[in-house]
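The analysis underlying the following values was restricted to heavy atoms, covering all of them including side chains, and did not include hydrogens, waters or symmetry mates. Residues: numbered from 1 along the sequence shown. Whatever order the structure lists them in is the order used to number ligands and atoms, beginning at 1.
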Amino acid sequence: MKITKRIWPGVIEHYRKFLPVTEKTPIITLKEGNTPLIFSYNLSKLLGKNFEVYLKYEGLNPTCSFKDRGMTMAVSKAKEAGSLAVMCASTGNTSASAAAYAARASLDCFVLIPKGAIALGKLSQALIHNAKVLAVNGNFDDALSIVREITKKFPITLVNSLNPFRIEGQKTVAFEICDVLGDAPDFQIIPVGNAGNITASWKGYKEYKKLGIIKKLPKMLGFQAAGSAPIVKNKIIKNPQTIATAIRIGNPASWKGAVMAGDESGGLIDMVTDKEIINAYKFLASKEGVFVEPASAASVAGLIKLAKSGYFTHYTLNIKQTVRIVCILTGHGLKDPDRAIKSVKAPRVIAANTRAVLKEMGY
Ligand SMILES: *Cc1c(COP(=O)(O)O)cnc(C)c1O
């Protein structure tokens, strides 16, 4: 039966030769990756005639965020090493992903979350996959330092993006984008929290370039939330604030990686306000039909901010050159349904008759 060949095997099997796995590595997969690259009519139009803007919808991974690309690697390698448990600190999505992949690998999973600052969808995932979830009376950065200490002392594998296998798995997003576009885009825009993902995707592009699979490298544009923008402000933020909980991080583990991606590529690390994030969030859902969680909208908020500031003006001059921009949409909107409900008007209650309905419909 040839048909099985066409079934997507997950990122490790598909990109095996670019990843640190051997015949001996047990592959723990939920068929992550192969997410759609969606053309955005509205954003392309906003930028200009010679622009093409694409949305890389990472919310369509198995646990609904890009974390699955890294987790398939981290958990497979933990299993290979004979580890009995994995542990992470999480603003939500890492724990959802770790819990699912640990369940599949028959490993115990321990999760530390900042108390009260985690979206309901994510918490429900970690719990139903049977992770041991503990809420600490502190923020993400506090939780991560406890996890680092424990995983140093005990035979438990840390699966935050400090784990180099997470970065290896997550670099595959760059491979997929290049495989679809036939080369790297001119710009990649991405939300920055703990900064593992910008570090990983930059690594992916550089590897493809080195192997001659692509001809150019993208400029990397990373966006933090204004209330938690340690890299932009060049100082640790003690009490980070933003409605975009997935990037509410005051001391990113891959700080240097993010700065390097921005500098080496000729891009930048900048920030967007919560208001700009919510506007982009509602724009994506209402105009493009793409529902993401607030943190994911930081990439599109960043694109709109840069477009308004004239950042791309130089590129509109040469209209013969097509400029391709990819916004990474890191997680699904259903992760945080409370935020969606809070961002719009509640449905009106009306009488149960056709006339009343038609009147509301404006017919
Ligand atoms: C983890 C996460 C981020 C931030 O990614 P980093 O690698 O920590 O920079 C952004 N958006 C979502 C939805 C996430 O889950």
*Asks:* Find all atoms of ligand 1 within a distance of less than 4.0 Å from any non-hydrogen atom belonging to T330, and give their numbers and elements.
*Replies:* 10 (C), 11 (N), 12 (C), 13 (C)
*Asks:* Pull out every atom of ligand 1 sitting under 4.0 Å from any heavy atom of N93, numbered as shown with elements.
*Replies:* 12 (C), 13 (C), 14 (C), 15 (O)
*Asks:* For K122 and S95, which I'm curious about, is there any donor-acceptor pair between the side chains at under 3.5 Å?
*Replies:* no
*Asks:* Distance under 4.0 Å to a non-hydrogen atom of N194: what atoms of ligand 1 satisfy this?
*Replies:* 6 (P), 8 (O), 9 (O)
*Asks:* Is the contact between K335 and ligand 1 made by the side chain, the backbone, both, or neither, using heavy atoms and a 4.0 Å cut-off?
*Replies:* neither
*Asks:* Would you mind running through ligand 1 and noting each atom that sits below 4.0 Å from a heavy atom of G331?
*Replies:* 13 (C)
*Asks:* What protein heavy atom sits nearest atom 2 (C) of ligand 1, and how far off is it?
*Replies:* K67 NZ, 2.4 Å
*Asks:* Any heavy-atom pair between the side chains of P185 and I177 that's under 4.5 Å?
*Replies:* yes
*Asks:* At a non-hydrogen distance cut-off of under 4.0 Å, which region of I247 contacts ligand 1 (side chain, backbone, both, or neither)?
*Replies:* side chain
*Asks:* Taking atom types as modelled, is there a side-chain donor on E32 or Y101 under 3.5 Å from an acceptor on the other?
*Replies:* yes
*Asks:* Will you find, in the side chains of K233 and Q224, an N or O donor that is under 3.5 Å from an N or O acceptor?
*Replies:* no
*Asks:* Would S161 count as a contact residue for ligand 1, given that I'm defining contact as a non-hydrogen atom of the residue lying under 4.0 Å from a ligand atom?
*Replies:* no
*Asks:* With a 4.0 Å heavy-atom cut-off (strictly under), which part of E293 contacts ligand 1: side chain, backbone, both or neither?
*Replies:* side chain
